[in-house]
Undergrad: 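I'd like to ask you about the structure that follows.
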Amino acid sequence: MKELQQENKECLTVLKPVLDAVIKRNPNEPEFHQAVTEVLETLEPVAEKHPEWVAAGIFDRIVEPERQIIFRVPWVDDKGKVQVNRGFRVQFNSAIGPYKGGIRLHPSVNISIMKFLGFEQIFKNSLTGLPIGGGKGGSDFDPKGKSDGEVMRFCQSFMTELAKHIGADTDVPAGDIGTGAREIGYMFGQYKRLRNEFTGVLTGKGLEWGGSLARTQATGYGLCYFMEAAMNDHGDSFKGKTVVVSGSGNVATYAVEKATQLGAKVVAMSDSGGYVYDAEGIDLKAIKEIKEVKRARISEYVNYRPNAVYTPGCKGIWTIKCDVALPCATQNEIDGESAQILIDNGCRIVGEGANMPSTPEAIAIFQSNGALFGPAKAANAGGVATSALEMSQNSMRYSWTFDEVDNKLHDIMVNIYKNISKAAADYGMKGNLVAGANIAGFEKVAKAMYAQGIAY
Ligand code: NDP
Ligand code: 2IT
């Protein structure tokens with residue numbers, strides 16, 4: 001990966017000093033470097049077209065978070081022992097709206113991962129067409145194996161500090177890896193206690209207390225709406241396709257549901273321990289029971305479907321022959337080797353449900369083999385778009401029906417596809433959805449930053 005980033009860096013001219021400064025100022029942040037490299041590389045023609053943006057330091061400013069908050073999260077476990085985690089909130093860019101982005105709870109969380117996610121979120125949120133800025137937060141807390149009481153005490157302690165920095169018009173966190181309905185509930189309860197305010201400060205809330213219908217389904221459904229629009233544009237569709245979906249969390253589950261509804265057969269899913277292959281098609285009811293109800297491992301799937309096969313190790317999922325790959329677990333889960341295997345097995349359609357799941361080498365392999373490649377910041381924008389719809393409903397003190405939200409989500413995803421295809425074509429890179437997403441996402445934020453001036 002290092003070599004490729006070096007190569008990309010060499011393609012840069014106007015923006016080379018920007019990337020050099022990012023790497024120098026933020027040592028030991030490989031995921032952040034990776035995300036910035038991918039974006040700057042495709043923005044070079046935009047910088048050439050807009051010297052006024054270069055002169056106003058838009059590129060230098062957009063790669064530096066407006067604010068980064070790092071805090072101690074002490075809590076007491078079930079044995080009475082004091083535990084200490086580290087909490088983060090990166091408020092990256094508020095040019096087009098309040099900071100918006102999820103909270104990741106996973107032992108791997110560090111500032112590099114927070115900043116890559118916050119940076120991606122700026123462009124993704126811009127692509128939704130809704131007024132939301134970019135941010136991300138989280139902690140190295142591992143919810144796996146913790147009791148409900150431990151998760152509650154952690155979430156309360158986390159929110160005790162975070163509450164000082166967020167607000168319905170300032171910064172609105174939501175779910176991500178390890179943060180689902182349960183965690184959002186505990187965090188919302190604590191915010192309300194501290195502030196004595198019932199407000200839309202978090203999204204992904206329960207339906208009884210301000211949540212939006214279809215938010216749970218939104219990222220996975222949105223991914224399929226986006227990929228269906230992309231396939232339709234090439235005279236193709238999900239119908240009759242064999243699909244592999246990695247992960248078995250929120251995004252993966254509802255991607256499987258929608259792909260199946262659109263006529264595809266999903267044959268494999270995974271978790272961090274391994275993957276299951278079910279030639280007859282994944283039984284989503286079993287997955288939901290294992291993951292949403294029991295919070296157990298995907299290896300249990302074979303107890304529900306004796307003909308299915310479980311294989312330990314999550315990378316092997318990409319060796320399964322498929323037409324469509326939907327990585328929905330985590331960053332860099334498809335490396336160059338896995339991408340080549342997918343291509344060799346005939347897969348020509350890839351939609352990123354997770355954030356940055358393909359390494360730069362993998363993206364290069366997909367693109368050079370003419371695959372239809374839907375990049376994360378466009379393809380998985382349905383979750384945050386529906387979060388913004390939740391914010392609208394909270395402001396109106398009103399709720400839309402499931403179909404109303406789902407129809408809006410569908411239209412948003414189709415529009416994202418149209419806008420990024422157009423941006424790619426306008427800059428002479430027809431079909432390059434990576435470039436199209438970066439350019440279309442960036443231009444709106446750049447115009448807003450330019451109009452708002454520089455704070456001296
Ligand atoms: P969940 O916590 O619900 O599920 C995550 C899934 O990915 C689990 O199956 C988990 O397995 C697997 N996974 C997580 N980390 C790793 C790892 N390091 N290696 C292998 N497998 C891993 O999270 P979400 O479904 O919400 O998020 C999945 C991805 O989608 C993330 O990249 C997230 O940033 C992105 N995303 C999420 C959105 C949302 O609305 N939730 C919106 C847009 C993007 P295990 O349980 O074994 O850890
Ligand atoms: O990566 C993402 O877009 C999310 N985790 C969802 C963020 C949100 O605010 O709904």
Side-chain angles (χ1 to χ4, degrees), residues 31 97-109 113-114 116-125 127-128 130 132-138 142-145 166 171-184 200-205 211-212 214-223 226 245-256 269-276 287 290-292 295-299 312-315 317 326-334 352-358 376-391:
E31 292 85 1
Y99 309 106
K100 181 87 198 84
I103 292 176
R104 178 174 292 192
L105 300 181
H106 193 273
S108 63
V109 163
I113 290 178
M114 292 289 96
F116 115 65
L117 288 164
F119 184 69
E120 289 283 291
Q121 202 83 42
I122 304 170
F123 308 100
K124 182 197 306 195
N125 293 4
L127 288 174
T128 66
L130 300 167
I132 38 179
K136 200 82 190 190
D142 186 359
K144 266 198 218 97
I166 62 175
D171 183 356
V172 183
D176 193 79
I177 291 178
T179 305
R182 174 181 61 171
E183 291 74 19
I184 293 291
V201 67
L202 292 163
T203 58
K205 299 185 291 298
S212 173
R215 174 61 188 91
T216 304
Q217 294 81 357
T219 312
Y221 277 23
L223 169 66
F226 176 89
V245 178
S246 65
S248 46
N250 174 265
V251 180
T253 299
Y254 293 95
V256 172
M269 290 181 82
S270 61
D271 63 18
S272 60
Y275 64 95
V276 287
I287 293 285
I290 296 165
K291 290 291 170 184
E292 292 178 356
R295 295 185 187 273
R297 309 308 299 159
I298 206 164
S299 51
C314 43
K315 202 181 153 186
I317 193 168
L326 301 177
C328 295
T330 195
Q331 65 273 359
N332 292 327
E333 56 171 310
I334 303 186
E352 295 190 316
N355 284 308
M356 207 168 77
S358 313
K377 57 175 79 64
N380 75 29
V384 75
T386 307
S387 278
L389 299 178
E390 182 171 327
M391 290 165 72

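Given the structure is predicted, the values throughout are model-derived calculations rather than measurements. Note: hydrogens, waters and symmetry copies are ignored here, and every other heavy atom, side chains too, is used. When a ligand or atom number is given, it counts from 1 through the structure's own listing order.
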Undergrad: I'd like the residue list for ligand 2, meaning every protein residue with a non-hydrogen atom under 4.0 Å from the ligand.
TA: K100, G101, G102, Q121, K124, K136, A174, G175, D176, R215, N355, G383, V384, S387
Undergrad: Please work out which of L117, N355, I287, T203 has its closest non-hydrogen atom nearest to atom 32 (O) of ligand 1.
TA: N355
Undergrad: So which of N332, D271, V251 gets nearest to atom 24 (P) of ligand 1, if we judge by its closest heavy atom?
TA: V251
Undergrad: A354 heavy atoms, cut-off 4.0 Å: which ligand 1 atoms fall inside?
TA: 29 (C), 30 (O), 32 (O), 35 (C)
Undergrad: Going by heavy-atom distance to atom 10 (C) of ligand 1, choose the closest among G382, A379, S272, G222.
TA: S272
Undergrad: Less than 4.0 Å is my threshold; does some heavy atom of Q331 fall inside it relative to ligand 1?
TA: no
Undergrad: Out of I113, L105, D176, I298, whose heavy atom is nearest to atom 34 (O) of ligand 1?
TA: D176
Undergrad: For S270, enumerate each residue passing the side-chain contact (heavy atoms from CB on, under 4.5 Å) test, keeping only those at least two apart in sequence or located in another chain.
TA: S246, Y275, I317
Undergrad: Show me which atoms of ligand 1 lie under 4.0 Å from any heavy atom of C328.
TA: 28 (C), 29 (C)
Undergrad: Tell me which protein heavy atom sits closest to atom 40 (O) of ligand 1, plus the residue, atom name and distance to 0.1 Å.
TA: T219 OG1, 2.7 Å
Undergrad: What is the closest protein heavy atom to atom 18 (N) of ligand 1, and at what distance does it sit?
TA: T330 CG2, 3.7 Å
Undergrad: Going by the order shown, which atoms of ligand 1 are within less than 4.0 Å of some heavy atom of G247?
TA: 9 (O)
Undergrad: Any idea which protein heavy atom is nearest atom 23 (O) of ligand 1, and the distance to it?
TA: I177 CA, 3.4 Å
Undergrad: Could you give the distance from NZ (K291) to CD1 (I298), rounded to the nearest 0.5 Å?
TA: 6.0 Å
Undergrad: State the CD1-OH distance between I166 and Y99, to the nearest 0.5 angstrom.
TA: 13.0 Å
Undergrad: Please list the nearest protein heavy atom to atom 3 (O) of ligand 1 with its residue and the distance rounded to 0.1 Å.
TA: N250 N, 2.9 Å
Undergrad: Taking 4.0 angstrom as the limit and counting only heavy atoms of R104, give me the atoms of ligand 1 inside it, by number and element.
TA: 31 (C), 32 (O), 33 (C), 34 (O)
Undergrad: Do the non-hydrogen side-chain atoms of I287 and V256 ever get within less than 4.5 Å of each other?
TA: no
Undergrad: Determine whether any heavy atom of K144 lies closer than 4.0 Å to an atom of ligand 1.
TA: yes
Undergrad: Distance to 0.1 Å, residue and atom name: give those for the protein heavy atom nearest to atom 29 (C) of ligand 1.
TA: A329 O, 3.2 Å
Undergrad: Applying a heavy-atom cut-off of 4.0 Å, say which part of E352 lies close to ligand 1: side chain, backbone, both or neither.
TA: neither
Undergrad: Given G249, P143, G178, which has its nearest heavy atom closest to atom 2 (O) of ligand 1?
TA: G178
